[in-house]
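Structure first, commentary second.
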Amino acid sequence: ATSAKQSSLDSGWLVSGSNYLGRSVRYRRANTQIDGVVVAWKDVGRSGFVSAQTGVPVALWRLVMTKRTDPKQRLDGESTETDVTTRSDAQAFVPFVVEVEERELRRGLLPLMFT
């Protein structure tokens, strides 16, 4: 069996050399938040990706999104979270991989004390 680390190296993804590796991320979309971790990256020379926003070649980071929660607002104003990662219904969360440039990565980085 091929390890995730080995497959990252084989595909040009680096698993060392970036301070973002291993950092936790959280993105909020509508009434859902999705958590993940930075697992690999490609520098500008390896990525072959040009930012749609700037038109400049940029590095990419690979994130594995592992958990979805649906924040709920209680009547008293407090927020509660319902973890739907392990739900067995048709809308159960399936972990997925996403690749983002640094601008997008930084939007979702959690402070180090949460990682």
Side-chain angles (χ1 to χ4, degrees):
T2 303
S3 71
K5 184 174 182 177
Q6 185 62 43
S7 65
S8 290
L9 291 173
D10 291 346
S11 64
W13 289 93
L14 303 170
V15 293
S16 64
S18 169
N19 291 334
Y20 294 129
L21 293 170
R23 294 280 305 270
S24 296
V25 293
R26 174 172 290 158
Y27 294 96
R28 296 177 195 270
R29 301 283 190 262
N31 293 326
T32 301
Q33 66 188 31
I34 300 174
D35 295 347
V37 65
V38 182
V39 297
W41 76 297
K42 284 185 178 180
D43 59 28
V44 173
R46 293 175 191 251
S47 77
F49 183 79
V50 175
S51 171
Q53 184 178 18
T54 65
V56 175
V58 294
L60 291 176
W61 281 263
R62 179 173 275 179
L63 315 176
V64 176
M65 308 310 290
T66 57
K67 181 179 177 183
R68 182 181 80 206
T69 54
D70 293 333
K72 305 289 184 199
Q73 194 72 24
R74 296 188 332 203
L75 292 177
D76 62 5
E78 292 293 319
S79 177
T80 63
E81 293 183 359
T82 303
D83 184 351
V84 295
T85 303
T86 57
R87 286 194 340 202
S88 60
D89 63 16
Q91 296 180 15
F93 181 78
V94 176
F96 62 94
V97 173
V98 63
E99 296 161 3
V100 298
E101 62 183 277
E102 186 172 19
R103 175 182 53 81
E104 181 69 14
L105 172 65
R106 294 176 120 209
R107 281 186 50 242
L109 280 176
L110 290 175
L112 283 173
M113 64 185 192
F114 292 112
T115 60

Next on the checklist: Nearest 0.5 Å, please: how far is OG1 in Thr69 from CZ in Arg28?
Outcome noted: 7.5 Å
Checklist entry - To the nearest 0.5 Å, how far apart are NZ in Lys42 and OG in Ser11? => result 5.5 Å
Item to check | Leu110 CG to Ser24 OG distance, which is reported to the nearest 0.5 Å | outcome: 6.0 Å
Next on the checklist: Quick check for you: to the nearest 0.5 Å, what is the distance between Asp35 atom CG and Arg68 atom CZ?
Outcome noted: 12.0 Å
Checklist entry - Given the rule that I, L, V, M, F, W and Y join up when any side-chain heavy atoms are under 4.5 Å apart, are Val97 and Val37 in one cluster? => result yes
Next on the checklist: Could you work out, with side-chain contact (heavy atoms from CB on, under 4.5 Å) as the rule, every residue matching Thr54, not counting sequence neighbours?
Outcome noted: Ser51, Val56
Next on the checklist: Check this for me: Arg103, atom CZ, are more than 12 non-hydrogen atoms of other residues, nucleotides or ligands nearer than 6.0 Å?
Outcome noted: yes
Checklist entry - Any side-chain donor-acceptor pair under 3.5 Å between Glu104 and Tyr27? => result no
Next on the checklist: For a 4.5 angstrom cut-off between non-hydrogen side-chain atoms, does Arg106 reach Tyr20?
Outcome noted: yes
Item to check | With Val98 via side-chain contact (heavy atoms from CB on, under 4.5 Å) - residues at least two apart | outcome: Leu63, Met65, Phe96, Val100
Checklist entry - Does Ser18 have any side-chain hydrogen bond (donor to acceptor under 3.5 Å, both in side chains) partners at least two apart in sequence or in another chain, and if so, which? => result Trp61
Checklist entry - Which atom names give the shortest non-hydrogen contact between Thr66 and Pro95, and what distance separates them? => result CA-CB, 4.4 Å
Item to check | Non-hydrogen atoms of Val25 and Leu105 that approach each other most closely | outcome: CG1-CD1, 3.9 Å
